[in-house]
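Following: one structure in structure tokens, then a few remarks.
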Amino acid sequence: MLITRVLAVAPVRDIEQSVAWYERLLARPADRQPMPGLADWHLTPNGWLQVFQDPEHAGSTLINLQVDDLDRALADLAARGITAGPVQTGGRISRFAAVHDPDGNRVTLVENPVS
């Protein structure tokens, strides 16, 4: 099996509210809104994040995004009004901190290896 793209999907209750929050998180508008109730951001050539209106499953997602400098990423988020939980360590070479979208989906920023 050849995997050509990975799509992380966050189910949300209110697509407009969530798109606005993810635009703040990612510091840019969605790349596409190909149909009602769906927005996606192309974060890497083969890694996308989608927000999908699905109230029944909203708040049940865990998304990990690797960043090159966790402290800088957290400062950038704070400047955009998004506050992360405490920075934690994972083993000897990684650090991470989580934020939550309006529905409670957890987005964890991971620095691995620590710079």
key: Shortest non-hydrogen contact from A30 toward Q33   = CB-CG, 4.4 Å
note = OG1 (T108) and CG (N64) are apart, to the nearest 0.5 Å, by 5.0 Å
inquiry  = With a 4.5 Å cut-off on side-chain heavy-atom distances among I, L, V, M, F, W and Y, is there a chain of contacts connecting L70 to I63?
reply    = yes
ask   = Looking at residues at least two apart in the chain, or sitting in another chain, which of them share a ring-ring contact (aromatic ring centres under 6.0 Å, His included) with H57?
value = none
inquiry  = To the closest 0.5 Å, what do you measure between CG (D40) and CE (M35)?
reply    = 10.5 Å
key: Greater than 12 external heavy atoms within 6.0 Å of R92's CZ   = no
query = Would L26 end up clustered with V12 when hydrophobic side chains under 4.5 Å apart are linked, directly or stepwise?
reply = yes
Common cluster, L43/L74, ILVMFWY with side-chain heavy-atom separation under 4.5 Å = yes
task = Answer yes or no: does atom CD of Q66 have more than 12 heavy-atom neighbours from other residues, nucleotides or ligands under 6.0 Å?
result = yes
ask   = Can you name the residues that form a side-chain contact (heavy atoms from CB on, under 4.5 Å) with V99, not counting sequence neighbours?
value = W21, L25, L77, I82, A84, V107
request  = Would you give the length of the straight line joining atom OG1 of T61 to atom CZ of R106, rounded to the nearest 0.5 angstrom?
outcome  = 11.0 Å
query = Minimum heavy-atom separation for I15 to V51, with atom names?
reply = CD1-O, 3.6 Å
note = Between H42 and R28 the two heavy atoms that sit nearest each other are O-NH2, 3.0 Å
ask   = Any donor-acceptor pair under 3.5 Å linking the side chain of N105 with the backbone of S60?
value = yes
key: Euclidean distance, R95 CZ relative to D69 CG, rounded to 0.5 Å   = 7.5 Å
query = Under 4.5 Å between side-chain heavy atoms, hopping through other hydrophobics if needed: is there a path connecting W41 to V67?
reply = yes
message = Could you measure the distance from the CG atom of D103 to the OG atom of S18? Nearest 0.5 Å is fine.
response = 4.5 Å
task = Please write out which residues are connected to L7 in a hydrophobic cluster, directly or through intermediates, given that two of Ile, Leu, Val, Met, Phe, Trp, Tyr count as joined at side-chain heavy-atom separations below 4.5 angstrom.
result = W48
